[in-house]
Protein chains: 2
Amino acid sequence: MKIEQAARQLEALGNTTRLELYRVLVRAGTAGLAVGHVQEKLAIPASTLSHHLRRLVDTELVERERQATTLICRASYPHMQALIGYLADECCADANCRPVSGATALPAADGASQGRIKGC
Amino acid sequence: MKIEQAARQLEALGNTTRLELYRVLVRAGTAGLAVGHVQEKLAIPASTLSHHLRRLVDTELVERERQATTLICRASYPHMQALIGYLADECCADANCRPVSGATALPAADGASQGRIKGC
DNA sequence: AGCCTATTTCGAGTATCATCGAATTATAGG
DNA sequence: CCTATAATTCGATGATACTCGAAATAGGCT
C-alpha cells in the first residue's frame, strides 16, 4: 500500500462522525445498511451524511450498491484489513514490539507489507 | 478507547507528512531520533516539522524527551497498538469475521488491545 | 406521464489545517 | 554574561474541511 493511500484512508476515518458512520456499517455486517437507516441511527442531516459517506466510498473503505431506490452501504473488510496491516507493519518495524495477536498476519493478502521486519 | 480519541489519532496519522514522520520514528526504534535528524530525513522546514510533531505528541502517538539541547522523539508503541486494536475490534464486529468471545458487544467494549483480532 | 421516495449535489458560511519565515525559548559552554 | 545550537511558537496566508438547507437526480409505482 502506498503511503498516500494509507494517509487518505486514515484521514477518512479520522473524523468522529465518519468513524461512527463506519462503525455502524461494520456492525451491520455483510448485509449492509440502507443510507436512510444509517441516517436514523446517526441522526444527522442527509446531506451531511452523504458528504461523509462519499469520503469513505472514495477511499474504498465502504462500498455502495443500489437496490431499487435505496442504496445499500457495506464496510469493505478487505480494505480495512489492508490498512490495519499497513499500520501493524509500521508499528512492528521495531523488534521489541510484540504483536497483540494475529494482527500482523493480515497484510499478506494485499501486499501491504513493505518488506520490513516480517513475522513480528 | 473512546471514539473521539481514536478519531483524533487517526486524523493525526491521516496526513502524508505526518505518516512519513511517524514511520521514520517507528523505524528508529526505541532509541528514538532527535528532531534535527528527523528533519534531515524528511527535508522539510523546522517549523513545519514541529507543527506536525506536536500533533502526534498531543495525540500520544509520539513521545518527546529532552536530552540536553536536543529533543529525542519516540513512537509510542502501546498507543499505536491500542489504536490498531480498536480498529480491529470495529472490523471484527461482524459475525463472518469469527469473533472471539463477545466481540459483538463492542459498544461499551474498551478491551481494544487484548487479543480479539483472532481470525480476522 | 406524473408522482413519490431515496439519496446526492450545489452553494455558502464558518472553521480548521498546512506551510513557512521570523522571532522566541531552552540548554550548554566559554 | 555572552554566544551558539536545538527546537518551538508566532503570525500570516492560502487551501481544505464541516455543516446543512435547497435544489436536483435516480428509480419504481400507478
Side-chain angles (χ1 to χ4, degrees), chain A residues 3-25 28 31-76, chain B residues 3-25 28 31-76:
Chain A
I3 199 168
E4 286 87 2
Q5 190 195 351
R8 265 170 47 92
Q9 291 183 330
L10 290 167
E11 186 191 21
L13 293 172
N15 169 281
T16 305
T17 302
R18 281 195 296 272
L19 193 50
E20 282 173 345
L21 163 55
Y22 184 79
R23 200 170 75 142
V24 163
L25 293 182
L33 209 56
V35 174
H37 292 152
V38 174
Q39 196 196 341
E40 285 172 13
K41 284 185 184 290
L42 294 184
I44 59 176
S47 60
T48 302
L49 172 60
S50 187
H51 162 73
H52 287 303
L53 195 52
R54 186 145 87 105
R55 288 283 289 265
L56 292 176
V57 170
D58 283 350
T59 51
E60 300 186 299
L61 288 167
V62 166
E63 289 159 10
R64 245 181 322 196
E65 176 201 347
R66 183 171 281 278
Q67 277 184 10
T69 57
T70 73
L71 286 174
I72 303 297
C73 304
R74 250 182 289 274
S76 171
Chain B
I3 198 168
E4 287 86 3
Q5 191 196 350
R8 266 172 45 92
Q9 290 183 332
L10 289 167
E11 186 191 20
L13 293 172
N15 169 282
T16 304
T17 302
R18 280 194 298 271
L19 193 51
E20 282 174 344
L21 163 56
Y22 184 79
R23 199 168 77 141
V24 163
L25 292 182
L33 210 56
V35 175
H37 291 152
V38 174
Q39 195 195 344
E40 285 173 13
K41 284 185 185 289
L42 295 185
I44 59 177
S47 60
T48 301
L49 171 59
S50 188
H51 162 74
H52 287 304
L53 195 52
R54 185 144 87 105
R55 287 282 289 266
L56 292 176
V57 170
D58 283 350
T59 51
E60 302 185 298
L61 288 167
V62 165
E63 289 159 10
R64 246 181 321 199
E65 177 201 346
R66 182 170 281 279
Q67 276 184 12
T69 58
T70 74
L71 286 175
I72 303 297
C73 305
R74 251 181 289 274
S76 171

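A quick note: this is a predicted structure, and the numbers were derived from the prediction, not measured. Numbers restart at 1 for each chain; the letters A, B, ... are given by sequence-line order, proteins then strands.
- Here the P atom of nucleotide D:dA7 and the CG atom of B:Leu49 are 9 Å apart, to the nearest Å.
- When the nucleotides C:dA18, D:dG27, C:dG21 are ranked by their closest atom to the side chain of A:Thr69, D:dG27 comes out on top.
- Residue B:Ala68 is in sugar-phosphate contact alone, with no base atom involved, counting any heavy-atom pair closer than 4.0 Å across all strands shown.
- OP1 or OP2 of D:dA17 has not a single side-chain nitrogen or oxygen of A:Asn15 nearer than 4.0 Å.
- Candidate nucleotides C:dA18, D:dA7, D:dT19 were compared by shortest atom distance to the side chain of B:Arg55, and C:dA18 ranks first.
- For B:Arg55, the CZ atom is densely surrounded, since the number of other residues' heavy atoms within 6.0 Å is greater than 12.
- Between the C1' atom of D:dG27 and the CG atom of A:Leu71 lies a distance of 10 Å, rounded to the nearest Å.
- The two residues B:His52 and B:Thr17 come nearest to each other via the heavy atoms CD2-CG2, 3.6 Å.
- Distance NE2 (A:His51) to P (C:dA12): 17 Å, rounded to an integer number of Å.
- As judged by a 4.0 angstrom heavy-atom cut-off over every strand, B:Ser50 is placed among the base-contacting residues.
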Evaluate the criterion side chain to side chain contact (heavy atoms under 4.5 Å, CB included) for residue pair B:Leu49 and B:Leu42; output intermediate values, then yes/no.
-> CA-CA 9 Å; B:Leu49 171 59; B:Leu42 295 185; 4.3 Å; yes
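- The side chain of A:Arg66 sits closest to D:dG27 out of C:dT8, D:dG27, D:dT8.
- For B:Thr48, the listed nucleotide lying nearest its side chain is C:dT19; candidates were C:dT19, C:dT8, C:dT7.
- A donor-acceptor contact under 3.5 Å is formed by the side chain of B:Ser47 with the base of C:dG21.
- For A:Arg64 and D:dA26, the CZ to C1' distance is 13 Å, given to the nearest whole Å.
- Atom-to-atom, CG of A:Leu53 to P of C:dA6 comes out at 16 Å; the value is rounded to the nearest Å.
- Contact annotation: A:His52 side-chain N/O to D:dT19 OP1/OP2 distance is under 4.0 Å.
- The side-chain heavy atoms of A:Cys73 and A:Val35, taken from C-beta on, include a pair separated by under 4.5 Å.
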Evaluate the criterion side chain to side chain contact (heavy atoms under 4.5 Å, CB included) for residue pair B:Thr16 and B:Glu20; output intermediate values, then yes/no.
-> CA-CA 6 Å; B:Thr16 304; B:Glu20 282 174 344; 4.0 Å; yes
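- Going from atom CG of B:Leu56 over to atom P of C:dC17 covers 13 Å, rounded to whole Å.
- When the P atom of C:dT8 is taken as reference, atom CZ of A:Arg54 falls 10 Å away, rounded to whole Å.
- Atoms CD (B:Glu20) and C1' (C:dT19) sit 15 Å apart, rounded to a whole Å.
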